[in-house]
Amino acid sequence: MLDSKAIRQDLKQTAERLALRGYALDVAELEALEEKRKALQTETQALQNERNVRSKEIGQAKAAGQSVEPLLEEVNTLGERLKAAEAELNTLLAELNDRLLAIPNLPDSAVPAGQDEDDNEEIRRVGEPTKFSFTPLDHVDLGGKLGWMDFEVAAKLAGSRFVVLKGPLARLHRALIQFMLNVHTQEHGYEEVYVPYLVNRDSLFGTGQLPKFEEDQFATRDADPFYLIPTAEVPVTNLVRDEIVSHERLPLKYTAHTPCFRREAGSYGKDTRGLIRQHQFEKVELVQIVPPEDSDAAHEALTQHAEAILQRLKLPYRVVSLCGGDLGFSATKTYDLEVWLPGQNAYREISSCSHFGDFQARRMKARYRHPDTQKPELLHTINGSGLAVGRTLVAIMENYQCEDGRIKVPEALLPILNQEYLG
RNA sequence: GGAGAGGUGGCUGAGUGGUCGAAAGCGGCGGUCUUGAAAACCGUUGAGGGGAAACCCUCCCAGGGUUCGAAUCCCUGCCUCUCCGCCA
């Protein structure tokens with residue numbers, strides 16, 4: 001959520017910056033609502049003040065043993081007038097709040113202009129696309145040939161966009177999680193957390209998935225539903241919801257491995273083959289919660305922490321800066337890490353590292369006490385995948401495949417897997 | 001699942017329906033003292049919003065209700081704790 005005060009003060013500039021990400025802000029409508037709000041609020045507060053003053057007088061008169069009858073008569077109609085004014089104001093405030101909640105974050109000044117992913121800016125490339133002396137298979141053919149990756153049986157159990165992994169692949173999958181968590185906790189200074197996979201509405205609201213992206217979420221059917229987390233970002237970032245974190249505890253650096261559940265509504269026909277887009281997948285997430293002045297540096301650092309995993313696994317990748325049009329709702333700036341997939345002959349997203357500024361913090365009321373002023377100030381939040389486990393598995397299978405169908409184990413995983421080849 | 005207790009400011013914790021946004025303590029900040037620090041003492045210190053300002057409004061888990069007036073009374077929900085049962 002943006003700062004309503006700031007929007008009000010500079011509506012035009014806000015609209016211009018939002019236009020960079022293809023969002024048309026209805027300036028006239030907001031202005032009209034705002035004007036109405038001001039009038040209503042003033043009126044309501046005047047009535048509330050009158051009620052308070054009168055009630056106090058009655059109390060004092062009673063204490064002094066005087067008759068309160070005449071005073072009560074004066075107050076007669078006040079209650080109803082106040083009730084009506086409050087109701088009207090609340091309706092308007094709710095409406096205004098709904099508008100505000102629907103507005104995406106302002107893009108950072110460094111965000112490239114553009115409509116969609118074709119306009120993203122490549123920042124750097126690390127490694128070269130893997131070369132083969134034979135025609136490489138994609139992970140579906142590889143997995144099927146080895147009998148370790150079964151989409152048919154998963155479809156029987158659940159439906160499309162699910163997978164069953166077996167034997168060495170299931171083991172590799174688990175090893176990757178272990179490897180990523182080890183690196184982030186032991187070398188990058190993150191604290192590992194274990195969190196709920198089912199969360200309440202407030203949590204999804206805090207990180208910005210709700211109310212706008214309800215249709216992307218899986219939810220239980222309780223009257224007060226639980227939501228299956230679409231990413232660990234939700235439970236982990238919400239650790240500081242409604243908190244005033246003491247300055248000494250900052251920065252907070254958390255990492256968590258969780259499954260993620262997404263409906264993938266609106267992606268019909270996209271990545272229908274293979275492991276790339278599933279309703280359920282594992283991810284190791286990195287989250288940093290920092291004072292505003294440190295957030296840009298933290299965003300760069302977190303991105304490099306995610307990159308470190310790709311580097312250790314010797315997977316070729318590139319870093320792109322998302323253009324305005326491709327930016328997620330809550331993000332002010334995002335770097336995507338794209339790994340080389342020989343099976344697709346393309347770079348594909350394997351991590352998305354986003355800077356949210358105070359956008360999520362404002363929704364969550366996540367604050368810290370400023371060391372100088374002692375006043376609560378909004379924190380900044382940053383997160384990124386480090387990495388998406390399923391896609392990393394795909395990348396290893398495709399980049400490390402041998403002509404005989406075996407898969408070479410990346411050196412970095414040898415301590416965990418204790419074998420040089422799968423197959 | 002059964003029985004009970006409770007949710008108040010950064011924390012602990014008082015609060016007879018009427019100057020209660022809330023005692024007290026801790027913590028924080030400022031000061032006195034000190035070469036410096038500690039201790040002691042004095043002062044100060046909740047959050048959000050409106051307003052140029054004076055000042056005003058809202059908030060004592062959440063949502064309703066009673067009342068001229070609710071932290072305090074009533075209803076509903078959520079959460080926490082204790083005991084019993086069950087259980088990975």
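Numbers restart at 1 for each chain; the letters A, B, ... are given by sequence-line order, proteins then strands. For the numbers below, each heavy atom of this structure counts, side chains included, while hydrogens, waters and symmetry mates do not.
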Euclidean distance for [atom1], [N] against [M] (whole angstrom):
N: B:U44; M: B:G9; atom1: C1'; result: 16 Å
N: B:U72; M: B:G64; atom1: P; result: 14 Å
N: B:U8; M: B:A14; atom1: C1'; result: 10 Å
N: B:U76; M: B:A23; atom1: P; result: 32 Å
N: B:C79; M: B:G85; atom1: C1'; result: 22 Å
N: B:G25; M: B:U34; atom1: C1'; result: 27 Å
N: B:C56; M: B:C75; atom1: C1'; result: 33 Å
N: B:G28; M: B:G18; atom1: C1'; result: 34 Å

Between atom [atom1] in [X] and atom [atom2] in [N], what is the gap in whole Å?
X: A:L47; N: B:U58; atom1: CG; atom2: P; value: 11 Å
X: A:Y368; N: B:G46; atom1: OH; atom2: C1'; value: 19 Å
X: A:E34; N: B:G51; atom1: CD; atom2: C1'; value: 13 Å
X: A:R51; N: B:C57; atom1: CZ; atom2: C1'; value: 9 Å
X: A:L40; N: B:C57; atom1: CG; atom2: P; value: 18 Å
X: A:L72; N: B:G18; atom1: CG; atom2: P; value: 16 Å
X: A:R81; N: B:C68; atom1: CZ; atom2: P; value: 15 Å
X: A:L82; N: B:U67; atom1: CG; atom2: C1'; value: 13 Å

Watson-Crick/G-U partner (both atom distances under 3.5 Å) of [N]:
N: B:C29; result: B:G43
N: B:A88; result: none
N: B:U35; result: none
N: B:U80; result: B:A5
N: B:C20; result: none
N: B:U72; result: none

Please produce a list of atom pairs where a protein N or O lies less than 3.5 Å from an N or O of nucleotides 25-29 of chain B.
from, atom 1, to, atom 2, distance (Å)
B:G28, O2', A:Q374, OE1, 3.1

> How do A:I244 and A:T44 order along RNA chain B: which one's closest nucleotide is nearer the 5' end?
Replying inline: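 It is A:I244, whose closest nucleotide lies nearer the 5' terminus.
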
> Of A:K83 and A:A46, whose nearest nucleotide on RNA chain B comes first from the 5' end?
Replying inline: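 It is A:A46, whose closest nucleotide lies nearer the 5' terminus.
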
Check residues 251-258 of chain A and write down every donor-acceptor pair under 3.5 Å in which the side-chain atom is one partner and the other belongs to a residue at least two apart or another chain.
from, atom 1, to, atom 2, distance (Å)
A:K253, NZ, A:H188, O, 2.7
A:T255, OG1, A:E285, O, 3.0
A:H257, NE2, A:E282, OE1, 2.6

> Is there a donor and acceptor pair, one atom on the side chain of A:K62 and one on the base of B:G18, closer than 3.5 Å?
Replying inline: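 Per atom types, the contact qualifies.
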
Of all residues at least two apart in sequence or in a different chain, which pass the salt bridge (Lys or Arg N to Asp or Glu O under 4.0 Å) check with [X]?
X: A:D10; answer: none
X: A:R362; answer: A:D358
X: A:R51; answer: none
X: A:D108; answer: none

> Just to confirm, is there a sub-4.0 Å distance from OP1 or OP2 of B:C57 to any side-chain nitrogen or oxygen of A:N52?
Replying inline: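 Yes, within the criterion.
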
>> Measuring to OP1 and OP2 of B:C56, would you say a side-chain N or O of A:N49 lies under 4.0 angstrom away?
In response: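 No.
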
>> As a test of reading the structure: which of B:U19, B:C57, B:G18 is closest to the side chain of A:Q48, going by heavy atoms?
In response: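 Nearest nucleotide to the side chain: B:C57.
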
> Tell me, which pairs form a salt bridge (charged side-chain N to carboxylate O under 4.0 Å, His left out) where one or both residues lie in residues 78-99 of chain A, sequence neighbours left out?
Replying inline: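 Pairs touching residues 78-99 of chain A that pass the test: A:E29-A:R99, A:E95-A:R99.
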
> Do A:V164 and A:L157 have side-chain heavy atoms sitting under 4.5 Å apart?
Replying inline: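 Yes. Closest side-chain heavy atoms under 4.5 Å.
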
> Counting heavy atoms not belonging to A:Y197, are there more than 12 under 6.0 Å from its OH?
Replying inline: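 Correct, the count exceeds 12.
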
> Is the CD atom of A:Q115 crowded by more than 12 outside heavy atoms at less than 6.0 Å?
Replying inline: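 Result for CD/A:Q115: open.
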
Quick one: which protein N/O atoms are closer than 3.5 Å to N/O atoms of nucleotides 73-80 of chain B? Pair and distance per line, please.
none

>> For A:I244, give me all partners under side chain to side chain contact (heavy atoms under 4.5 Å, CB included), at least two apart in sequence or on another chain.
In response: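 So A:I244 forms a side chain to side chain contact (heavy atoms under 4.5 Å, CB included) with A:R367, A:R369, A:P376.
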
Using a cut-off of under 3.5 Å, enumerate the N/O to N/O pairs linking the protein to nucleotides 48-50 of chain B.
from, atom 1, to, atom 2, distance (Å)
B:G49, O2', A:Q41, NE2, 3.4
B:G50, OP1, A:R8, NH1, 2.6
B:G50, OP1, A:R8, NH2, 3.1
B:G50, O4', A:Q41, NE2, 3.4

Extract all donor-acceptor atom pairs below 3.5 Å that involve side chains of residues 409-423 of chain A and protein atoms in other chains or at least two apart in sequence.
from, atom 1, to, atom 2, distance (Å)
A:Q419, OE1, A:R171, NH2, 2.4
A:Q419, NE2, A:Y421, O, 2.9

>> Does the structure place the NZ or CZ of A:R312 under 6.0 Å from the centre of the six-membered ring of A:F179, at an angle of no more than 45° from the ring's axis?
In response: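 Judged by the rule, A:R312 and A:F179 form no cation-pi pair.
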
> Centroid-to-centroid, A:F213 to A:F329, below 6.0 Å?
Replying inline: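 So the answer is yes for these two rings.
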
Return all side-chain donor-acceptor pairs below 3.5 angstrom for residues 288-296 of chain A, not counting sequence neighbours, or 'none' if the list is empty.
from, atom 1, to, atom 2, distance (Å)
A:Q288, NE2, A:Y190, OH, 3.0
A:S295, OG, A:P292, O, 2.9
A:S295, OG, A:H355, NE2, 3.1
A:S295, OG, A:H380, ND1, 2.8
A:D296, OD1, A:H355, NE2, 3.1

